[in-house]
A.B. asks: 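Sharing a structure here in structure tokens format.
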Amino acid sequence: MRKLPFFLVLTSLLCLTGWLQVAIPYSPSQDLPLISLTAFEVHAPDVSAGQALAQAARGWQGVTAATYNVSSGLLVLSHTLDQSAANLQSRIDILSPQPVSIKVFPEPAGAKCPVPASAFMLLPAILLGLSVATLLLGILLFMSNEKRWSMIQLQP
Amino acid sequence: MKNYLVLLSFLSLTLAGMSCGENKDDLTPTPSPNLYERLGGINAITAVVDQFLANVVADNAINGRFAATVADPFRTQLLRNNLIDQICAGSGGPCQYKGKTMLEAHQGMQITEAEFNALVGDLIAALDQFNVPTQEKNDLLAILGPMKTDIVDQ
């Protein structure tokens, strides 16, 4: 039982080392908000109508980029996650003369990475959180152990 | 009186030395801004990368390659951050690219030259969207161009 605080502090140091490995050196891109890319099948009647849609979308809150491709008939928006695809679709529907649908890309064939991308993205936060939590737990356990031992020693 | 004269001459010499120093500093040429600064820093690079990714996803010639990335916002973010870091670091900015090497990242993908050219076209369109001057555009493409051998036909 007395060794537990030591192991917790050791785990904390290991997590801290891991966090330093992935988070340092710092890059400003680490602080950027998550974005999503959504493609809408618009098929505007002409190029200028499609480009006007993209231009209008660029001014919407949460939209970081917009483009209309004439040959594919796709309007693609890069947007922050607080703007849902459905919400953006309803806004495009108002401006577009034709009905708009969200393009679903076919699942690519071939091998997939078994580790989800979210694990890579959340790894620094998980490591730092674990490091702080285990350090605090280790200190608390150490302090309670010391108190218990001192009380035992005080007893006649 | 003699002490005052010594002090006065010492002060005048010090001031003369300082003024000479200032003149010397004035003659030193100020360093010219690097490509990162000329591009407009991290916010400008982020805007160009977002536009580039939107162009790629709208491009039927290559968007099938990015289907899995589009489906997962975390994958989108990983690609976005890697692109930003790569351009930022390559242009002399305060970033470090932490992703795989281009050879590792594209191994087994068998990307054709036509697909690579379509990707470069989408990047140029994104740079044009933000009116990036020709000099800066060429400097950036010169940094990214040598990566072609590690991407095509791997």
Side-chain angles (χ1 to χ4, degrees), chain A residues 21-42 50-51 54-55 57-58 63-81 85 102-113 115-124, chain B residues 36 41-43 45-89 93-100 105 107-110 118 121-122 125-126 128-130:
Chain A
Q21 286 290 317
V22 292
I24 307 290
Y26 169 79
S27 273
S29 64
Q30 287 170 213
D31 295 333
L32 292 173
L34 281 175
I35 60 145
S36 186
L37 291 159
T38 308
F40 299 94
E41 287 181 300
V42 171
Q51 286 173 345
Q55 187 61 38
R58 278 186 202 111
V63 174
T64 60
T67 193
Y68 177 72
N69 189 304
V70 189
S71 55
S72 66
L74 290 175
L75 172 73
V76 178
L77 303 186
S78 160
H79 56 94
T80 50
L81 297 187
I102 295 172
K103 164 100 175 169
V104 180
F105 291 96
E107 190 76 12
K112 284 181 199 166
C113 179
V115 184
S118 55
F120 287 111
M121 293 296 297
L122 299 174
L123 189 64
Chain B
Y36 173 78
I42 196 73
N43 291 336
I45 290 172
T46 303
V48 167
V49 166
D50 284 356
Q51 187 63 45
F52 167 58
L53 287 173
N55 290 349
V56 166
V57 175
D59 189 346
N60 269 351
I62 49 173
N63 58 12
R65 296 275 190 186
F66 294 86
T69 306
V70 175
D72 183 354
F74 286 104
R75 281 191 73 156
T76 307
Q77 195 70 11
L78 270 179
L79 175 65
R80 183 198 194 206
N81 285 2
N82 279 339
L83 286 169
I84 292 168
D85 287 344
Q86 201 165 34
I87 294 173
C88 172
C95 308
Q96 182 151 345
Y97 175 67
K98 296 171 192 164
K100 294 176 180 175
Q107 198 84 56
M109 290 180 78
Q110 294 172 334
D122 290 332
D128 288 341
Q129 174 81 38
F130 289 96

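Below, each value reflects all heavy atoms present in this structure, side chains not excepted, and no hydrogens, waters or symmetry copies. Every chain is numbered from 1 and lettered A, B, ... according to where its sequence line falls, protein lines coming before strand lines.
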A.B. asks: Check whether any side-chain N or O of B:Q51 sits under 3.5 Å from a backbone N or O of B:Q129 as a donor-acceptor pair, and report yes or no.
C.D. replies: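 No, B:Q51 side chain to B:Q129 backbone: no donor-acceptor pair under 3.5 Å.
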A.B. asks: Can you tell which part of B:I42 gets under 4.5 Å to a heavy atom of chain A, answering side chain, backbone, both or neither?
C.D. replies: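 Contact with chain A involves the side chain of B:I42 alone.
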A.B. asks: Please rank B:T69, B:V49, B:N63, B:I45 by heavy-atom pairs under 4.5 Å with chain A and give me the top one.
C.D. replies: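 Ranked by heavy-atom pairs under 4.5 Å with chain A, first place is B:N63.
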A.B. asks: Tell me which of these, A:S36, A:A39, A:A66, has more heavy-atom pairs under 4.5 Å with chain B than the rest.
C.D. replies: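 Counting heavy-atom pairs under 4.5 Å, the top option is A:A66.
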A.B. asks: Does any backbone or side-chain atom of A:L81 lie under 4.5 Å from a heavy atom of chain B? Answer side chain, backbone, both or neither.
C.D. replies: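 Only the side chain of A:L81 comes within 4.5 Å of chain B.
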A.B. asks: Any idea which of A:L32, A:I35, A:L122 has the most non-hydrogen atom pairs under 4.5 angstrom with chain B?
C.D. replies: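 The candidate making the most pairs under 4.5 Å is A:I35.
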A.B. asks: With a 4.5 angstrom heavy-atom cut-off, is it the side chain or the backbone of B:A71 that approaches chain A, or both, or neither?
C.D. replies: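 Neither part; nothing is under 4.5 Å.
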A.B. asks: Do the side-chain N and O atoms of B:Q86 and B:K98 include a donor-acceptor pair separated by under 3.5 angstrom?
C.D. replies: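 Looking only at side-chain atoms, B:K98 and B:Q86 do not form any donor-acceptor pair under 3.5 Å.
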A.B. asks: Which pairs, with at least one residue in residues 79-88 of chain B and sequence neighbours excluded, count as a salt bridge (charged side-chain N to carboxylate O under 4.0 Å, His left out)?
C.D. replies: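 Non-adjacent pairs meeting salt bridge (charged side-chain N to carboxylate O under 4.0 Å, His left out): B:D50-B:R80.
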A.B. asks: Tell me yes or no: between the side chains of A:H79 and A:T38, is some donor less than 3.5 Å from an acceptor?
C.D. replies: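 Yes - a donor-acceptor pair under 3.5 Å links their side chains.
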A.B. asks: Can you pull the salt bridge (charged side-chain N to carboxylate O under 4.0 Å, His left out) pairs that have at least one residue in residues 57-74 of chain B, sequence neighbours excluded?
C.D. replies: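 Counting only pairs at least two positions apart or across chains, the salt bridge (charged side-chain N to carboxylate O under 4.0 Å, His left out) contacts touching residues 57-74 of chain B are B:R65-B:E115.
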